[in-house]
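All ligand and atom numbering here is 1-based and tracks the order in the structure. Just so you know, these numbers come straight off a predicted model, no measurement behind them.
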Amino acid sequence: MKRVYFLLAFSTLGMSTYGQKTIDQKVAELLAKMTLEEKVGQMVQYSGFEYATGPQQSNSAAVLEEIKKGKVGSMLNVAGSEETRAFQKLAMQSRLKIPLLFGQDVIHGYRTTFPVNLGQAASWDLGMIEKSERIAATEAAAYGIHWTFAPMVDIARDPRWGRVMEGSGEDTYLGTKIGLARIKGFQGRGLGSLDAVMACAKHFAAYGAAVGGRDYNSVDMSLRQLNETYLPPFKAAAEAGVATFMNSFNDINGIPATANQYIQRDLLKGKWNYKGFVVSDWGSIGEMIPHGYARDANEAAEKAIQGGSDMDMESRVYMAQLPKLVKEGKVDAKLVDDATGRILTRKFEMGLFDDPYRFSNEKRQKEQTDNRENRKFGREFGSKSIVLLKNQGNILPLSKTVKTVALIGPFAKETVANHGFWSIAFKDDNQRIVSQFDGIKNQLDKNSTLMYAKGCNVDDQDKSQFSEAVETAKKADVVIMTLGEGHAMSGEAKSRSNIGFTGVQEDLLKEIAKTGKPIILMVNAGRPLIFNWASDNIPAIMYTWWLGTEAGNSIADVLFGTVNPGGKLPMSFPRTEGQIPVYYNHFNTGRPAKNNTDRNYVSAYIDLDNDPKYPFGYGLSYTDFKYSDMILSSVNLTGNQTLNISVTVSNTGKYDGEEVVQLYIRDLFGKVVRPVKELKGFQKIFIKKGESKKVDFKLTPEELKFFDEDLNFDWESGEFDIMIGTHSQNVQTKRINWVK
Ligand code: NOJ
């Protein structure tokens, strides 16, 4: 025993005398050896040459030479064990042998793709979301990737903006929870694990509030609104240890985010004490010139570094300008040291100085190339993301023995489309993706017949295939129509001014409806679409987003009732584009509309209801849920007490099912006006048919806090409405009084 203590003491002594330097010490030592150019080199990121995710300025030979000279810190869009190894070898020829970081947009899965992110958000299933990112990280890391440019935690209230597809919708509370789940999934057991990638909270900040929903457009809003609605997911990400941040293309109140000292220096690196690094968005440093914020590249570089941008993604401005700016004394060398230090820290944490090739491993890549378990999970996740919008006459679920089914629409036999936007790892093997036709065919009884007609293309005006589709429908007992927008019509730079079904799809639907056959409509989209005619005339509607590799199977599982749908909308669905932005947590105004008929001198449209077509949090199930009266532990609270809220939910229908129980509050009066409702909690519960479950929530003054006009974050004594329900427009309410 004594000997063990002796050895332990000796080894600890050894460590403190000679051993383990901290990462900070290692970074400081390395910085001391680096030239100014080498430091700035770490702040440079180029894209690989095979495919680009932005307007690339290629000159591949020059980039390769720069890497060898130690003038590049990171590459994006270089993936695969072989390719990353080849690039890393170049970096190992540099004087100080500082390894490259490989970044990639791993947005909704990697080799196995999952529903587009907004679809995932519709699952309200934080565990599944986290697991999907765990899988994405494991697969991506096996392909040599160190860093994903995700999660996108931009709150967005405008479905015209194509990138709503990539986020978690309109709500700050839900968006924050989902962002945290994603970060946990990506970073797993921590940076340095071989199955973890560095996450990146983007786009800092307010990118989702682009005027008119037009991508890259300006953002103009009060700092109160910015802090209350758009920044919380970022703050939470910083606190949770997200490895990096990416800033955004937009200006915020006239200052481009890329050079925005308020958000990047005062808040992120100041008040929030964030120690990771900030990468610019693609070309966003150089874009400060057309913004009209920098006269030339020189000024753009200066303003970007002063504003807190640590790494230049593809503007190619830092290397050309920063060394000169430092030498001229216009930029403090300490800013370069700080940025470089932040980047080197991550490289040490990832273990790249121990082995720069540790993520470039052919064997792991092979194992993760077509992983059956991951696909199995993808199938389940896909089915959990579907939202049932309508089921008149309980037409769903379909019996597997229905004699003849017609599947009609441009998406029926699509494979690649099921990925949606951002699925970079799929260049070659689209046959692995399960089409809707195949998914349905596989589950239909062998004595039943599945017929198919395309009807039309996604977005042209040609109706020549209509008659064949109508004839097919006439022969069927049930028609499944699969319509929507093209998979590349949502995503970056994919804003739309009309967000209906594209081309002649709605005309096709009307023609098929004339046959009088029962129709089930599946809507394929990356955003909320407007489809009023269908909503009002078609008996069953499932919102199927883009569900990923296993799309067809996920859809069939819900169609035939193997899975009872439990998804709920993470965004309000507008009635028309003129109603945008429409979101549930709006202010009341001084003249709130009382109802949808009396529109005189109230805050309403004379030609349109105020409420959305489908509200935030809405989604049906094949079963029915009944809520008991909610019980509050008290209606008069003081100070830091906790309010306990409970409700019993009973499954009174015919199927086992999942329900998302939602808790909202309203602060009735404040020194600034407060929203009519704010989500403050939710629980996704499974209840067997005929059974009940008690659901408990807790509320503390922490959840009552808000930003006042001086940006103080606090709560006030007063009355609050506590609301529980199945969606934002179907709640029961009790009033409480809470005194400080
Ligand atoms: C621009 C996009 O805005 C950003 O989200 C993405 O990560 C980069 N391009 C890299 O592809």
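- A search for ring pair (Phe, Tyr, Trp, His ring centres under 6.0 Å) contacts involving Phe359 returns His146, not counting sequence neighbours.
- Protein residues lining ligand 1, listed by chain and number: Thr53, Leu76, Asp105, Phe149, Arg163, Lys202, His203, Met246, Phe249, Asp281, Trp282, Met313, Trp422, Glu492 [non-hydrogen atoms, distance under 4.0 Å].
- The shortest non-hydrogen separation linking His291 to Asn250 is CE1-C, 4.2 Å.
- Applying the side-chain hydrogen bond (donor to acceptor under 3.5 Å, both in side chains) rule to pairs touching residues 120-130 yields Gln120-Arg182, sequence neighbours excluded.
- A distance-only check finds a donor-acceptor pair linking the side chain of Tyr274 to the backbone of Val242 [under 3.5 Å].
- Contacts of Tyr293 classified as ring pair (Phe, Tyr, Trp, His ring centres under 6.0 Å), with partners at least two apart in sequence or in another chain: none.
- A donor-acceptor distance shorter than 3.5 angstrom exists from the side chain of Tyr318 to the backbone of Ile305, with no hydrogens or angles considered.
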